[in-house]
Visitor: 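Below: one structure in structure tokens.
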Amino acid sequence: VTDKEAMDLALKEAKKAKGFVSPNPCVGCVILDKNKKFLSSGFYAHYGAIHAEIMALNKLKNKKLLNQAHLFVTLEPCVHFGQNPPCVESLEKYSWGSITYGIEDPNPQVSGRGIKYLKAKGFLVKKTDFFKLELKRFYEAFALNIKEKRSFFALKTASSLDSVATLNHGESQWITEASSKNISHNLRLSFDAILIGVESFLHDNPRLNIRKEGLEKKNKVVLLDPLGRSLPLLSKSRLLTVRSLKDIYVVSSCREEKLKKSGISFISVPKGEINLKALSYKLYEQKIYSVLVEGGIKTFSYFLKQKASSRLYQIINPSFLGGYRGRYWTENLNVGNLKDKIRLKSLEILKTSPDLFLTGILS
Ligand SMILES: NC(=O)c1ccc[n+]([C@@H]2O[C@H](COP(=O)([O-])OP(=O)(O)OC[C@H]3O[C@@H](n4cnc5c(N)ncnc54)[C@H](OP(=O)(O)O)[C@@H]3O)[C@@H](O)[C@H]2O)c1
């Protein structure tokens with residue numbers, strides 16, 4: 001097994017727990033013997049479970065094979081007592097040939113101390129040379145949560161090649177190919193909530209769930225609805241066929257009593273344009289740590305204008321719909337000078353067929 005394959009495998013292990021560990025990060029671990037033959041693997045399976053390194057160690061019955069073995073872990077091993085004892089103390093019992101980690105733990109309680117600790121014990125500790133962008137992306141929500149104590153926002157848009165996200169009469173399902181639905185459901189797995197604007201709710205009456213067994217009810221919903229226009233319809237909406245009222249968070253400047261009576265969760269904001277960064281702090285307080293923004297068009301523009309979203313995921317169908325009847329997903333964005341254009345950084349092409357699926361950092 002090459003080092004690249006080992007880190008790839010560790011990432012695959014980590015992803016097995018997507019949707020089950022929030023607010024903690026997913027972690028995967030792979031152990032190779034001294035000749036780089038596969039020995040064991042493990043992952044952090046759910047909130048409060050044993051850590052990935054410990055699972056991989058526990059699965060290996062013959063510990064003698066660990067002599068000069070190589071450990072690959074997606075996140076720096078921990079040095080502090082949380083729900084688990086420090087992983088470094090379990091690791092230091094063995095004579096590792098090398099320990100390779102994916103990314104430093106952004107948690108200030110760890111943040112390089114795990115690496116230092118293991119180096120001080122004489123181990124060869126190194127950062128992986130592979131999957132750097134993916135690893136950064138994998139842990140970015142956790143990093144923002146832990147450093148800034150606010151919720152992470154990512155936009156997900158689906159459009160034609162000329163950026164049309166819906167036709168004037170509201171038809172937007174499905175501009176992209178049916179096979180891209182899997183991408184959307186997989187993305188939803190990594191987020192605590194899906195956010196939409198009230199017009200999308202009124203037009204599409206969506207369910208916004210994950211069509212995967214056991215996870216149908218995982219995602220909460222955040223509805224940007226300053227005037228409370230959704231309220232008379234919520235109890236009969238499709239949102240409620242897959243979740244309870246308390247898992248629907250209506251962000252509104254309506255009178256509180258009116259909303260509280262309805263049984264939904266309510267986030268009060270001042271009248272006028274909703275300040276989305278301020279909202280990210282309020283959502284964090286409600287234990288909603290990551291949010292996938294799925295539209296509609298005005299909502300996307302508010303996020304772009306306010307530079308409130310950290311990342312964009314874009315699914316592009318190789319077709320043209322034109323602006324005559326179509327609405328561009330950036331319709332309400334008003335850039336006056338080229339120097340003010342919004343740039344997507346660290347662009348990654350994740351899939352090219354039949355739709356193009358790309359992602360990048362917005363802010
Ligand atoms: N292709 C895609 O990716 C995609 C995804 C989702 C939806 N869509 C389509 O998009 C269409 C709906 O988009 P839309 O632009 O008409 O409406 P929308 O974005 O769904 O909802 C816009 C409304 O939400 C509220 N809102 C959102 N952000 C706000 C903020 N920061 N501050 C204050 N209010 C905020 C406002 O409500 P008030 O007007 O009550 O103040 C605003 O008018 C539908 O046809 C849907 O099918 C396409």
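Read the numbers this way: they start at 1 and go in the same order the structure lists the ligands and their atoms. Quick caveat, the model's predicted, so the values are computed rather than measured.
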Visitor: Check ligand 1 against Ile297 and write out every atom of the ligand that is under 4.0 Å from a heavy-atom position of the residue.
Guide: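 Reading through ligand 1 atom by atom, the close ones are 10 (O), 13 (O), 14 (P), 15 (O), 19 (O).
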Visitor: For a quick test of reading the model, state the closest non-hydrogen atom pair linking Ser151 to Asn145 and the distance between them.
Guide: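 Taking Ser151 first and Asn145 second, the nearest heavy atoms are CA-ND2, 4.0 Å.
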Visitor: Check the hydrophobic clustering (I, L, V, M, F, W, Y; side-chain heavy atoms under 4.5 Å; chains of links allowed) and say if Ile54 and Phe20 are grouped together.
Guide: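 No, because Ile54 and Phe20 fall into different hydrophobic clusters, even though each may have its own neighbours under 4.5 Å.
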Visitor: With a cutoff of 4.0 Å, is Ser159 in contact with ligand 1, counting heavy atoms of the residue only?
Guide: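 No heavy atom of Ser159 comes that close to ligand 1.
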Visitor: If you measure from each non-hydrogen atom of Thr166 to ligand 1, which part falls under 4.0 Å: side chain, backbone, both or neither?
Guide: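 It is the side chain that touches ligand 1; the backbone stays farther off.
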Visitor: Do Leu333 and Trp329 share a hydrophobic cluster, counting only Ile, Leu, Val, Met, Phe, Trp and Tyr and linking them when any side-chain heavy atoms are less than 4.5 Å apart?
Guide: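 As far as the 4.5 Å side-chain criterion goes, Trp329 and Leu333 are connected within one cluster.
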Visitor: Is there at least one pair of N or O atoms, one from Leu276 and one from ligand 1, spaced under 3.5 Å apart?
Guide: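 Among all N and O atoms of Leu276, none is under 3.5 Å from an N or O of ligand 1.
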Visitor: Under a 4.0 Å threshold between the charged nitrogen and the carboxylate oxygen, would Asp8 count as salt-bridged to Lys4?
Guide: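 The answer is no: the pair does not qualify as a salt bridge.
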Visitor: Is any N or O atom of Gly295, backbone or side chain, closer than 3.5 Å to an N or O atom of ligand 1?
Guide: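 Between Gly295 and ligand 1 (N or O atoms, distance only) the closest approach is not under 3.5 Å.
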Visitor: Just distances here: any N/O of Ser200 and N/O of ligand 1 closer than 3.5 Å?
Guide: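 N/O-N/O distance below 3.5 Å exists for this pair.
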Visitor: N/O to N/O below 3.5 Å, does that happen between Asp204 and ligand 1?
Guide: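 Asp204 vs ligand 1: N/O contact under 3.5 Å present.
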Visitor: Is the closest N or O pair between Ile175 and ligand 1 shorter than 3.5 Å?
Guide: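 Not met; the criterion fails.
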Visitor: Mark the output for Val198 as yes if a heavy-atom distance to ligand 1 is under 4.0 Å, and as no if none is.
Guide: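 Contact check Val198 vs ligand 1: positive.
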Visitor: Which of the numbered atoms in ligand 1 are below 4.0 angstrom from a heavy atom of Ala165?
Guide: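 Per the distance check, 1 (N), 2 (C), 48 (C).
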Visitor: Is the closest heavy-atom distance from Arg327 to ligand 1 below 4.0 Å?
Guide: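 Distance cut 4.0 Å: Arg327 passes for ligand 1.
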Visitor: List every atom of ligand 1 that sits less than 4.0 Å from any heavy atom of Gly296, numbering the atoms from 1 in the order shown and giving each element.
Guide: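 Numbered from 1, ligand 1 contributes 6 (C), 7 (C), 10 (O), 13 (O), 18 (P), 19 (O), 20 (O).
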Visitor: Does Tyr117 have Lys121 sitting over its ring (NZ/CZ under 6.0 Å from centre, angle to axis within 45°)?
Guide: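 Relative to the ring axis of Tyr117, which defines the angle, Lys121 lies inside both limits.
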Visitor: Can a side-chain donor-acceptor contact be found between Lys156 and Ser184 if the only test is distance below 3.5 angstrom?
Guide: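 On atom types as modelled, these side chains qualify, holding a pair under 3.5 Å.
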Visitor: Any N/O of Glu199 closer than 3.5 Å to an N/O of ligand 1?
Guide: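 It does: an N or O of Glu199 is found under 3.5 Å from an N or O of ligand 1.
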Visitor: Output the list of atoms in ligand 1 that are nearer than 4.0 Å to some heavy atom of Glu273, sorted by atom number.
Guide: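 Close to Glu273: 32 (N), 33 (C).
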Visitor: As an exercise, identify every atom of ligand 1 less than 4.0 angstrom from a heavy atom of Pro226.
Guide: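 Under 4.0 Å from Pro226, ligand 1 has these atoms: 25 (C), 33 (C), 34 (N), 37 (O), 41 (O).
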Visitor: Does Ile274 reach ligand 1 with a nitrogen or oxygen that is under 3.5 Å from one of the ligand's nitrogen or oxygen atoms?
Guide: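 Min N/O separation from ligand 1 is below 3.5 Å for Ile274.
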Visitor: Which atoms form the tightest heavy-atom contact between Leu189 and Lys18, and what is the distance?
Guide: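 That closest heavy-atom pairing would be CD2-O, 3.5 Å.
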Visitor: Taking atom types as modelled, find out whether Arg207 and Thr241 have a side-chain donor-acceptor pair closer than 3.5 angstrom.
Guide: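 No.
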Visitor: Taking the ring of Phe266 and the ring of Tyr249, is the distance between their centroids below 6.0 Å?
Guide: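 That pair fails the under 6.0 Å test.
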Visitor: How about Phe72 and Thr128: do any of their side-chain heavy atoms sit closer than 4.5 Å?
Guide: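 Phe72 does not reach Thr128 side chain to side chain.
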Visitor: Would Arg113 and Glu76 pass as an ion pair if we require N to O under 4.0 Å?
Guide: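 Salt bridge flag = no for Glu76 with Arg113.
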Visitor: Is it the case that ligand 1 has an N or O less than 3.5 angstrom from some N or O of Thr299?
Guide: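 The answer is yes, given that Thr299 and ligand 1 share an N or O pair closer than 3.5 Å.
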Visitor: Could you name the option among Lys305, Gln306, Arg229, Gln314 that has the heavy atom nearest to atom 39 (O) of ligand 1?
Guide: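 The nearest heavy atom belongs to Arg229.
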Visitor: Should Leu195 and Ile267 be regarded as members of a common hydrophobic cluster, given that ILVMFWY residues are connected when their side-chain heavy atoms come within less than 4.5 Å of each other, either directly or indirectly?
Guide: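 Cluster IDs for Leu195 and Ile267 match.
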Visitor: Can you sort out which atoms of ligand 1 are near Thr157, meaning under 4.0 Å from one of its heavy atoms?
Guide: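 It comes down to these atoms of ligand 1: 3 (O).
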Visitor: So is Glu294 polar-close to ligand 1, meaning N/O to N/O under 3.5 Å?
Guide: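 The answer is no, given that Glu294 and ligand 1 share no N or O pair closer than 3.5 Å.
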Visitor: Judged by modelled atom types alone, do Asn205 and Ser237 share a side-chain donor-acceptor pair under 3.5 Å?
Guide: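 There is no such pair (donor and acceptor under 3.5 Å, judged by atom type) between the side chains of Asn205 and Ser237.
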Visitor: Using a 4.0 Å cut-off to any heavy atom of His203, which atoms of ligand 1 qualify?
Guide: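 Once the distances to His203 are compared, the set is 44 (C), 45 (O).
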